[in-house]
Amino acid sequence: MPPKRKAISTNGELNSITTKKTRTTKKTQKTSKDQKSFDKVCQNWFNKYKDQDNTNIIGPDGCQTFFSDIDVSLESIFPILIAWKMNCSRMGYITMEEWNHGMKESNIDSESKLKKELNSLEKLVEKDESLFKKIYLYTFPYAKSEGQKSMQTEVAVALWQILLVNRYPIVQSFIQFIEEKKPVKVINKDQWASLLDFCKSIPEDLSGYDAVSSWPVLFDEFVEWKKKSL
């Protein structure tokens, strides 16, 4: 015998389907409303610091006020973490697009949420070498002179003080070498990246350093200078 056809839905089944659709619609409307509210809060927050001449960007003065309002020192790692989180392309500036990207990605719409996120990220960076390396390498294009391929040594030294000194003590000697001997006026991308590898692989007594290896010449000069004081 041919299979029986499925009976037409009862009124109860139809009502159930209608109820589910209504709930889904209300949920969607609520989500949309929450998103609009979130976007408005973030926009108003951005507007508080935006540049008067270019309203799509927060300039150096606005950034300084922003960091001050959230109790962030310019000499700490936090401004770099904020920039990395927002994927900022230029030190001292935050575009509206970068601001919205960073805030939405972490669902941040208040100072308290931002502070909590930064504290969590700082602890994670301290433990996760891979994440720290990503942030360290990101810092070079972010902080180098606009339109240039290199970074001023003064900027590099300031950033090494923040990022590396407490993590790798040998960096203090490297900074001393840079400031006293002045072997270079700028730091290029290879030198910036190589310093982290150098810190991770060469102990403070410089044992194991091989000048024949493909280290930048700057490091050969540093090792030669440092060995005279050992």
Non-hydrogen side-chain atoms of Pro183 and Ile178 separated by less than 4.5 Å: yes
### Query
Once the angle between the rings of Phe222 and Phe198 is folded into 0 to 90°, is it parallel (under 30°), tilted (30 to 60°) or perpendicular (over 60°)?
perpendicular
Hits for salt bridge (charged side-chain N to carboxylate O under 4.0 Å, His left out) against Lys85, two or more places apart or cross-chain, chain-then-number order -> Glu117
- Message: Does Phe46 form a side-chain contact (heavy atoms from CB on, under 4.5 Å) with Gln43? I'd like the steps, not just the answer.
- Response: CA-CA 5 Å; Phe46 177 89; Gln43 185 63 55; 4.0 Å; yes
message: Tell me if the NZ atom of Lys115 is crowded by more than 12 foreign heavy atoms within 6.0 Å.
response: yes
With a 4.5 Å limit on heavy-atom distance, are the side chains of Ile135 and Leu81 in contact? yes
Quiz item: Side-chain contact, heavy-atom cut-off 4.5 Å: Cys42 with Lys104?
Solution: no
Value for NZ (Lys189) from OG (Ser194), rounded to nearest 0.5 Å, stands at 11.5 Å
Correct closest heavy-atom pair for Met151 and Thr139 would be CE-O, 4.1 Å
Report yes or no: do Val184 and Val217 belong to one cluster of Ile/Leu/Val/Met/Phe/Trp/Tyr joined by side chain heavy-atom distances under 4.5 Å? no
### Backbone of Trp45 reached by a side-chain donor or acceptor of Trp99 within 3.5 Å
no
Backbone N/O of Gln148 and side chain of Lys144: donor-acceptor pair under 3.5 Å
yes
Side-chain heavy atoms of Val171 within contact of Tyr168, under 4.5 Å:
yes
For Tyr136 and Ala193 the tightest heavy-atom approach is CE2-CA, 4.4 Å
> Would you say Tyr142's side chain and Leu137's backbone share a donor-acceptor pair under 3.5 angstrom?
Replying inline: no
When rounded to the nearest 0.5 Å, the distance separating CG of Asn119 from CG of Leu124 is 12.5 Å
| If you group Ile, Leu, Val, Met, Phe, Trp and Tyr by side-chain heavy-atom gaps below 4.5 Å, do Leu218 and Val155 land in one group? | yes
query = Less than 6.0 Å separating the ring centroids of Trp84 and Phe78?
reply = no
**Asked** Quick one: does Ser73's side chain have a donor or acceptor within less than 3.5 Å of a partner on Glu75's backbone?
**Response** yes
Atom CD of residue position Glu122 - does it have more than 12 heavy atoms of other residues, nucleotides or ligands inside 6.0 Å? yes
The reported gap from NZ in Lys113 to CD1 in Ile108 (rounded to nearest 0.5 angstrom) is 8.5 Å
So do Lys227 and Val223 actually touch side chain to side chain, heavy atoms under 4.5 Å? yes
Look only at the side chain of Glu105 and the backbone of Gly102, and say whether a donor-acceptor pair between them is shorter than 3.5 Å. no
Here the side-chain hydrogen bond (donor to acceptor under 3.5 Å, both in side chains) pairs for residues 171-183, sequence neighbours left out, are Ser173-Lys226, Gln176-Glu180
Can Tyr49 and Asp61 be counted as having a side-chain donor-acceptor contact under 3.5 angstrom? no
- request: State, yes or no, whether a side-chain contact exists between Asn47 and Thr55 at a heavy-atom distance under 4.5 Å.
  value: no
- Message: Looking at Glu97, I want to see if its CD is surrounded by more than 12 non-hydrogen atoms of other residues, nucleotides or ligands under 6.0 Å.
- Response: no
Between Ala143 and Leu159, the two heavy atoms sitting closest are CB-CD1, 3.5 Å
### Task
Look at the side chain of Ser68 and the backbone N and O of Gln64, then say whether any donor-acceptor pair between them is shorter than 3.5 Å.
no
- prompt: Does the ring center of Phe174 lie less than 6.0 Å from the ring center of Phe219?
  reply: yes
Taken to the nearest 0.5 Å, the spacing of Ile187 CD1 from Leu195 CG works out to 8.5 Å
Shortest non-hydrogen pair, Cys63 vs Gly92, comes out as SG-O, 3.4 Å
With side-chain contact (heavy atoms from CB on, under 4.5 Å) as the test, would you mind laying out the steps for Ile94 and Met86 before giving the verdict? CA-CA 8 Å; Ile94 305 174; Met86 293 183 177; 3.7 Å; yes
- Query: Quick one: does Leu196's side chain get under 4.5 Å of Phe132's, heavy atoms only?
  - Reply: yes
dist Leu121:CG -> Ile82:CD1 (nearest 0.5 Å) comes out at 10.0 Å
| said: Under the criterion side-chain contact (heavy atoms from CB on, under 4.5 Å), I'd like the reasoning laid out for Lys149 against Val186: C-alpha separation, chi angles, the key distance, then a yes or no. | reply: CA-CA 9 Å; Lys149 294 182 178 181; Val186 295; over 6 Å; no
query = Are Val41 and Met103 joined in one hydrophobic group, where the rule is that I, L, V, M, F, W and Y side chains link up if heavy atoms are under 4.5 Å apart?
reply = no
Exercise. Could you walk me through whether Lys48 and Asp69 pass side-chain contact (heavy atoms from CB on, under 4.5 Å), step by step?
Key: CA-CA 11 Å; Lys48 184 178 178 181; Asp69 285 350; 3.7 Å; yes
Cluster membership besides Ile57, Ile/Leu/Val/Met/Phe/Trp/Tyr side chains within less than 4.5 angstrom, sorted by chain and number, is Tyr93
Report task. Kindly work out whether a path of hydrophobic side-chain contacts (I/L/V/M/F/W/Y, heavy atoms less than 4.5 Å apart) joins Leu131 to Leu164. Result -> yes
* To do: For the residue pair Glu129 and Lys200, establish whether any side-chain heavy-atom pair is separated by less than 4.5 Å.
  => yes
Separation between CD (Gln191) and OG1 (Thr153), nearest 0.5 Å, reads 10.5 Å
Between Cys199 and Ile170, the two heavy atoms sitting closest are SG-CG2, 4.1 Å
Item to check | Worked verdict on Asn87 versus Tyr138 for side-chain hydrogen bond (donor to acceptor under 3.5 Å, both in side chains) | outcome: CA-CA 9 Å; Asn87 197 26; Tyr138 155 82; 5.4 Å; no
